[in-house]
Amino acid sequence: MGSSLADPDLEQLLAQLLRLLSRDALIGAQGSRAAAKEDTGESAGPLPALSSSEARALIALLAARGIAQGQLAEVLGLEKSTVSRLAAGLERKGWIRRGRDEGNHRYVRLYLTPQGVLVADRVWQALQSLQARILAGLSTEERVGLAIGLRGLVRELVAEGLLDGAPATQATVPGEPRKAG
C-alpha cells in the first residue's frame, strides 16, 4: 500500500478526527457550551473550564472510586510526572483528595471529593449528551457504517500499539444476529 489512503475524503476525515482528539480543549470550550445550552436552571450551571486530561482523570476516578497515581497514569496514557501535576491541580480545585488505601495503609490513593463527584458526573453527562446528539444526527446507514469503520480503526490502532485493548468485535447490522466467528 502506498503512503496515501485510496480515498482522499477518508484521509481528510481521519486527519480531522485525529486533530480533534489531540486537542487538550476537547472538553473545555465544547463541553461547557453543550452543558450551558442544556442547563435548565435546576442544575449547578455550566461545567467549569477544564482540560481534556482533567476531564478524563475525573471520569477515571469516578469509575475507580479511588486509584493509585501510577494506575491513573496508565489509564490516561500519561507520564507519572504529568499525572502528579494533574492531581495537584485537581486537588487545588478541591475535586480530589489523597488518602491511604483502606486495604494497605502504605499506599496512597486519589479519591474524588463530594465536589469532585459532582463535577465528574457533570462531565460524564455532558459527554453522554454530546455523543447522543451527534449520533442522533446520523442516519441508520451512517451509524452502521460508522460502527463498522470505527471497529476497524480501533483494531488497527491496537495492532500498531497506539491503543491498549483487544481488537473490536465484528460489526452487525441492527436487528440482524451476530455472525459466528
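It should be emphasised that the depicted structure is a prediction, and the values quoted were computed from it without experimental measurement.
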Original post:
Residues two or more places apart in sequence or in another chain: which of them pass salt bridge (Lys or Arg N to Asp or Glu O under 4.0 Å) with Glu156?
Top reply: none
Original post:
From Gln131 CD over to Arg133 CZ, what is the distance, rounded to the nearest 0.5 angstrom?
Top reply: 11.0 Å
Subject >> Under the salt bridge (Lys or Arg N to Asp or Glu O under 4.0 Å) test, residues paired with Asp121 that sit two or more places apart >> reply: none
Subject >> Distance-only donor-acceptor check, side chains Arg56 and Ser52, under 3.5 Å >> reply: no
**OP:** Locate the shortest heavy-atom distance separating Thr113 from Gly94; write the atom from each residue and the value.
**Re:** OG1-O, 2.6 Å
Subject >> side chain to side chain contact (heavy atoms under 4.5 Å, CB included) partners of Ala64, counting only residues at least two apart >> reply: Ile67
Subject >> For Lys93, salt bridge (Lys or Arg N to Asp or Glu O under 4.0 Å) partners two or more places apart >> reply: Glu54
Original post:
If you round to the nearest 0.5 Å, how far is CG of Leu127 from CD1 of Ile59?
Top reply: 4.5 Å
Original post:
Can you list every pair that meets salt bridge (charged side-chain N to carboxylate O under 4.0 Å, His left out) and has a residue in residues 139-150, with sequence neighbours left out?
Top reply: none
Subject >> Residues that Arg92 engages under side chain to side chain donor-acceptor pair (under 3.5 Å), provided they are two or more places apart >> reply: none
Subject >> Pairs involving residues 106-119, ordered by first then second residue, that meet salt bridge (charged side-chain N to carboxylate O under 4.0 Å, His left out) (sequence neighbours left out) >> reply: Asp101-Arg109
Subject >> Arg98: partners by salt bridge (Lys or Arg N to Asp or Glu O under 4.0 Å), with sequence neighbours left out >> reply: Glu91
Original post:
To the nearest 0.5 Å, how far apart are OH in Tyr107 and CD in Gln69?
Top reply: 15.0 Å
Original post:
Can you name the side chain to side chain contact (heavy atoms under 4.5 Å, CB included) partners of Thr82, sequence neighbours left out?
Top reply: Leu78, Glu79, Arg85
**OP:** Using the test side chain to side chain contact (heavy atoms under 4.5 Å, CB included), find all partners of Leu112 that sit at least two apart in sequence or belong to another chain.
**Re:** Leu58, Leu61, Leu62, Ile96, Val117, Ala120
Original post:
Should Tyr111 and Leu118 be regarded as members of a common hydrophobic cluster, given that ILVMFWY residues are connected when their side-chain heavy atoms come within less than 4.5 Å of each other, either directly or indirectly?
Top reply: no
Subject >> side chain to side chain contact (heavy atoms under 4.5 Å, CB included) assessment of Leu86 paired with Leu76 >> reply: CA-CA 11 Å; Leu86 177 64; Leu76 299 177; 3.9 Å; yes
Subject >> Minimal non-hydrogen separation, Leu90 against Ala57, with atom names >> reply: CD1-CB, 4.0 Å
Original post:
Which value, rounded to the nearest 0.5 Å, describes the distance between Leu146 atom CG and Leu135 atom CG?
Top reply: 7.0 Å
